Every structure is written in C-alpha cells, then in structure tokens.
Amino acid sequence: MFESTAKYLRCVICKSALSIEPLTCGDEVQEGFLSCTKCNHRYPVISSVPFLLEDFSSYLAIRMALGGELMLMAKSSKMKLFVKEMLGKIKHVLEDTSELERNWVGIYKRSIHSQFYVHVKNLVHKLPRCDFVLEHGCSIGHLTAHLAKQNSLVFGIDKSFYAILEAKKHQRKNLDFIVADSLNSPFGSRKFDLVVVLNLLDIVEPRELLQAVSHQSKKFLMISDPYDFERGKASVKSKISPDELRLYLRQSGFKLIRRTSQPSFIPWKLNMNSRLSLNYKVDLILGQNATKNDPRG
Ligand SMILES: C[S@@+](CC[C@H](N)C(=O)[O-])C[C@H]1O[C@@H](n2cnc3c(N)ncnc32)[C@H](O)[C@@H]1O
Ligand SMILES: [Zn+2]
C-alpha cells in the first residue's frame with residue numbers, strides 16, 4: 001500500500017484515525033502495521049496488502065492455509081510473530097476457503113474479456129471525472145484499474161487476499177487496494193463521488209450492503225447483480241428482486257439514469273476452466289444521488 005493511503009483509512013473497530021509503522025519500504029509500504037490512534041488495535045500490511053479486518057484471527061480460522069503462507073511471506077520477525085499470535089488465538093479451525101479463493105483469481109483472470117466488463121466500461125466513460133472512487137468486492141481489480149485511468153483517486157476493497165494480491169499488480173499512483181469487509185468500511189464515514197458494487201448482492205446480505213453503500217455515495221452508485229440466490233450453505237438470508245432493488249435506491253434518494261430504470265440482462269461469462277463456463281445475465285443500475293443538500297454530507 002502507499003503510505004499516503006493511510007490517511008484515508010480508519011480503525012474498523014472504533015472509526016478513529018490510523019498511524020503507520022512501516023517495517024519494509026520501497027515505493028510502497030511492503031510490510032508494517034497500521035495502528036489505531038485511539039484503541040491501539042493493530043492491522044498488518046503484508047506483501048503490500050493491508051488487512052483492515054475487525055478480527056484477523058477469525059479471518060484466518062477459515063483460511064489456515066493462507067495463515068501458513070502469510071507466515072512465509074512475512075519478512076520481519078515482528079510480523080512473523082504477529083501472524084503466529086493470531087493463528088494461536090484460533091479456537092476452532094473451520095473449513096478452509098483459501099484454495100477456493102485462490103482458484104477464483106484464475107477464473108476472473110480468464111474472464112476479463114466478457115461482454116459485461118465492456119458494457120460497464122462504456123457506462124463509466126459517460127460519467128464525469130470523480131475525485132474519490134471506491135469499488136466494493138473488486139476481486140483482481142480489472143475494473144478498478146480502468147476506473148483509475150479516468151478518475152483522480154480510486155480504491156478497491158475485497159475480502160480475498162489472493163484477489164487483492166493480484167489486483168496490486170496494476171500499478172498506478174492513484175490506485176490502491178485493501179483487504180476489508182464491505183459491511184465494515186475501512187474508510188469510516190468517508191463518502192465517495194462514485195461507488196461501484198458489481199455482483200455482490202447475492203453474496204453479501206443485500207439489504208445490509210445496500211444500506212452501507214448508499215450512504216457512502218455522494219454522486220453516483222453503480223450496482224449490478226445476476227441475482228443468483230441459490231448458493232446452498234453460502235446463500236444470503238434475504239433475497240432482493242430487480243424491482244425491490246430499484247425501489248430501495250429511489251427511496252434512498254437516487255435517480256436511476258442512463259436507461260437503467262428497467263432490468264437488463266447483460267451477458268457475464270465466467271470461464272471456470274477450459275471446458276466449463278458460467279453464463280450469467282446481469283442486471284446493471286446507475287443511480288445518481290438526487291438528494292439536494294444531502295444531510296449525509
Ligand atoms: C462474484 S465476485 C464479483 C467480483 C467483481 N466485482 C466482478 O464483478 O467481476 C464477488 C467478490 O466479492 C468478494 N467478497 C465477498 N464477500 C465480501 C465482503 N463481505 N466484503 C468485500 N468483498 C467481498 C469476493 O472475494 C469476490 O471477489
Ligand atoms: Zn480503534
């Protein structure tokens with residue numbers, strides 16, 4: 001992460017400012033700690049990736065293999081000790097999602113030419129230049145990097161370390177990535193001119209997510225979803241339909257623009273492997289914050 005990113009980040013526990021303690025530096029902070037100036041909670045930065053998570057041990061409890069890798073990736077004895085302590089706090093080891101998260105990096109890399117991303121980029125081109133942009137669930141940062149070409153400062157967040165490690169390969173001075181949970185913003189109450197949330201509503205509780213992201217957007221909110229709610233054990237508790245989503249956005253003060261007031265069916269092809277692809281049809285919405293003198297800032 002860039003040292004300059006630290007000033008935008010907030011403690012995900014008490015929302016206070018963070019100070020940075022770099023351990024290994026080049027152009028970026030490769031390894032170090034972000035510490036809360038109020039509650040002293042420490043957040044690690046490993047291989048240039050900051051983890052702004054409320055409970056790092058719980059995060060690793062379902063990613064033991066990643067925990068082992070982070071031990072190896074950590075360069076300083078201070079960081080190795082920190083990861084070891086976090087692993088030591090785990091009481092119950094749960095089913096490991098590390099391999100699955102690593103596999104998805106390959107799937108997204110094989111799918112960047114899908115018509116869906118072309119469609120989204122075309123829509124993005126029609127927007128005015130924005131100062132602050134945030135993409136939730138940005139995965140490997142394909143679109144985030146594109147957003148950075150036409151906006152001033154762009155951040156991508158995702159819960160998957162492997163996705164963010166891949167996203168960090170897009171190197172631009174106005175672009176940075178963070179491992180974080182969209183339901184607990186690493187930016188505190190900061191608002192963004194454009195907030196992008198693609199294909200996340202059927203993965204993260206949709207109403208909680210919508211509440212978080214609609215409050216974060218000062219000007220534009222771009223949301224898409226294939227409404228794939230039948231995910232077995234991983235299904236969210238409440239579903240949302242295209243009409244309910246549009247109603248929610250309108251009631252939150254957004255005007256639906258660029259012909260997105262009606263549901264759309266944009267092809268999104270995910271190349272799972274050389275013999276299998278998933279063909280979704282995605283609904284895409286662009287909202288413009290129509291609230292005058294928005295009391296939310
Ligand atoms: C279906 S993928 C969509 C990726 C990308 N937005 C796109 O459309 O190409 C969902 C992404 O959200 C991430 N994710 C899942 N739960 C999350 C959460 N609570 N907070 C942030 N990211 C999350 C996953 O790691 C994954 O990269
Ligand atoms: Zn704090």
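Note that the structure is predicted; figures quoted are calculated from it, not measured. In this chain, residues are counted from 1 in sequence order. Only heavy atoms go into these numbers, but all of them, side chains included; no hydrogens, no water, no symmetry mates.
Inter-residue side-chain proximity for Asn279 and Pro267 is flagged as unmet; no heavy-atom pair is nearer than 4.5 Å. Taking 4.5 Å as the limit, every side-chain heavy atom of Phe51 sits out of range of all side-chain heavy atoms of Met86. Looking at Asp225 and Ile223, their side chains never come closer than 4.5 Å, going by heavy atoms from C-beta outward. Side-chain contact check for Asp181 versus Tyr59: every heavy-atom pair is 4.5 Å or farther apart. Residues Asp193 and Arg129 fail the side-chain proximity criterion, which asks for heavy atoms closer than 4.5 Å. In this structure, the side chains of Cys138 and Ile164 come closer than 4.5 Å at one or more pairs of heavy atoms. Side chains of Glu135 and Val154 form no contact here, defined as non-hydrogen atoms less than 4.5 Å apart. Here the side chains of Leu210 and Leu245 are in contact, with some heavy-atom distance below 4.5 Å.
For the atom pair Ile62 CD1 and Glu101 CD, the distance stands at 7.0 Å (nearest 0.5 Å). With rounding to the nearest 0.5 angstrom, the CZ atom of Arg190 is 8.0 Å from the NZ atom of Lys218. The CG atom of Leu34 sits 9.0 Å away from atom OH of Tyr43, with the distance rounded to the nearest 0.5 Å. In this structure, the separation between CG on Asp202 and OG on Ser235 is 9.0 Å, given to the nearest 0.5 Å. The line from NE2 of His142 to CG of Leu147 is 10.0 Å long, rounded to the nearest 0.5 Å. Atoms CE and CD, on Met222 and Gln288 in that order, are 12.0 Å from each other to the nearest 0.5 Å.
When the side chains of ILVMFWY residues are joined at heavy-atom separations under 4.5 Å, either directly or via intervening members, Leu221 and Val120 end up in two distinct hydrophobic clusters. Hydrophobic cluster membership is shared by Phe177 and Leu198, with clusters built from Ile, Leu, Val, Met, Phe, Trp and Tyr side chains linked at under 4.5 angstrom. If you chain together hydrophobic residues whose side chains sit under 4.5 Å apart, Leu123 and Ile112 fall into the same group. Residues Leu70 and Val179 share a hydrophobic cluster, clusters being chains of Ile/Leu/Val/Met/Phe/Trp/Tyr side chains in contact below 4.5 Å. Each of Ile178 and Leu53 belongs to its own hydrophobic cluster when Ile, Leu, Val, Met, Phe, Trp and Tyr are linked at side-chain heavy-atom distances under 4.5 angstrom.
Stacking of Arg42 on the aromatic ring of Phe82 is not recorded, the 6.0 Å distance cut-off and the 45° axial limit not both being met.
Of all heavy-atom pairs spanning Glu54 and Val12, the tightest one is N-CG2, 3.5 Å. Across all non-hydrogen atoms, the minimal contact from Leu200 to Ser182 is CD2-OG, 4.0 Å. Summarising the geometry of Val282 relative to Ser224, their closest heavy-atom pair is CG1-CB, 3.6 Å, with the distance given to 0.1 Å. When all heavy atoms are compared, the tightest approach of Phe161 to Ile46 is CE1-O, 4.2 Å. Across all non-hydrogen atoms, the minimal contact from Met1 to Ala6 is CE-N, 3.7 Å. Residue Ser238 comes nearest to Pro206 through the heavy atom pair O-CG, 3.0 Å, listed as atom of the first residue, atom of the second, then distance.
Heavy-atom neighbours of Asp27 CG from other residues, nucleotides or ligands within 6.0 Å: at or below the threshold of 12. Annotation for Arg231: atom CZ counts as buried by contact number, over 12 foreign heavy atoms lying within 6.0 Å. Within a 6.0 Å radius of NZ in Lys15, more than 12 heavy atoms belonging to other residues, nucleotides or ligands are found. Other residues, nucleotides and ligands contribute over 12 non-hydrogen atoms within 6.0 Å of the NE2 atom of His125.
Of the possible polar contacts, one joining the Thr260 side chain to the Leu286 backbone as a donor-acceptor pair under 3.5 Å is found. Remark: the backbone N or O of Val29 is not paired with any side-chain donor or acceptor of Glu3 at under 3.5 angstrom. A distance-only check finds no donor-acceptor pair linking the side chain of Asn40 to the backbone of Ser35 [under 3.5 Å]. Not a single donor-acceptor pair under 3.5 Å links the side chain of Asp131 to the backbone N or O of Ser152. No donor-acceptor distance shorter than 3.5 angstrom exists from the side chain of Ser47 to the backbone of Val49, with no hydrogens or angles considered. Between the side chain of Lys80 and the backbone N or O of Met71, at least one donor-acceptor pair lies under 3.5 Å. Formation of a donor-acceptor pair under 3.5 Å by the Tyr162 side chain with backbone atoms of Asn103 is not found in this model. Of the possible donor and acceptor atoms, none in the side chain of Thr97 sits under 3.5 Å from a partner among the backbone N and O of Leu100. Formation of a donor-acceptor pair under 3.5 Å by the Ser114 side chain with backbone atoms of Tyr117 is not found in this model. No donor-acceptor pair under 3.5 Å is formed between the side chain of Arg110 and the backbone N or O of Leu270.
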Decide yes or no on side chain to side chain contact (heavy atoms under 4.5 Å, CB included) for Lys7 and Leu18, but give the supporting numbers first. CA-CA 7 Å; Lys7 66 173 176 283; Leu18 300 175; over 6 Å; no
I'd like to know whether Ser214 forms a side chain to side chain contact (heavy atoms under 4.5 Å, CB included) with Gln251, so could you lay out the CA-CA distance, the side-chain angles of the two residues, the decisive distance to 0.1 Å, and finally the verdict. CA-CA 10 Å; Ser214 60; Gln251 288 179 340; over 6 Å; no
Mind running side chain to side chain contact (heavy atoms under 4.5 Å, CB included) on Val204 and His136 for me, showing each step along the way? CA-CA 11 Å; Val204 180; His136 284 271; over 6 Å; no
Please report the C-alpha distance between Lys38 and Cys11 in whole Å, then the side-chain angles of each, then the deciding distance to 0.1 Å, and finally whether the side chain to side chain contact (heavy atoms under 4.5 Å, CB included) criterion is met. CA-CA 9 Å; Lys38 192 172 175 195; Cys11 174; over 6 Å; no
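Salt bridge annotation for Arg246-Asp283: present, with a cationic side-chain nitrogen under 4.0 angstrom from a carboxylate oxygen. Using a 4.0 Å cut-off between a side-chain N of Lys or Arg and a carboxylate O of Asp or Glu, Arg102 and Glu166 do not qualify as a salt bridge. At a threshold of 4.0 Å, the pair Lys237-Glu208 does not count as salt-bridged, since none of the basic side-chain nitrogens sits closer than that to a carboxylate oxygen.
Using a 3.5 Å distance cut-off with no hydrogens or angles, the side chains of Asp96 and Ser98 do pair a donor with an acceptor. A donor atom on one side chain and an acceptor atom on the other are not found under 3.5 Å apart for His170 and His146. Between the side chains of Asn174 and Arg172, at least one donor N or O lies within less than 3.5 Å of an accepting N or O. Residues Asn271 and Ser277 have side chains that never bring a donor and an acceptor to within less than 3.5 angstrom of each other. Thr291 and Asn289 share a donor-acceptor pair across their side chains, judged by distance under 3.5 Å alone.
Partner of Tyr280 under the ring-ring contact (aromatic ring centres under 6.0 Å, His included) criterion, chosen from Phe116, Tyr227, Trp268: Trp268. For the ring-ring contact (aromatic ring centres under 6.0 Å, His included) with Phe132, the lone residue among Phe155, Phe187, Phe220, Tyr8 that qualifies is Tyr8.
Relative orientation of the Trp104 and Tyr108 rings is tilted, given thresholds of 30° and 60° on the angle between their planes.
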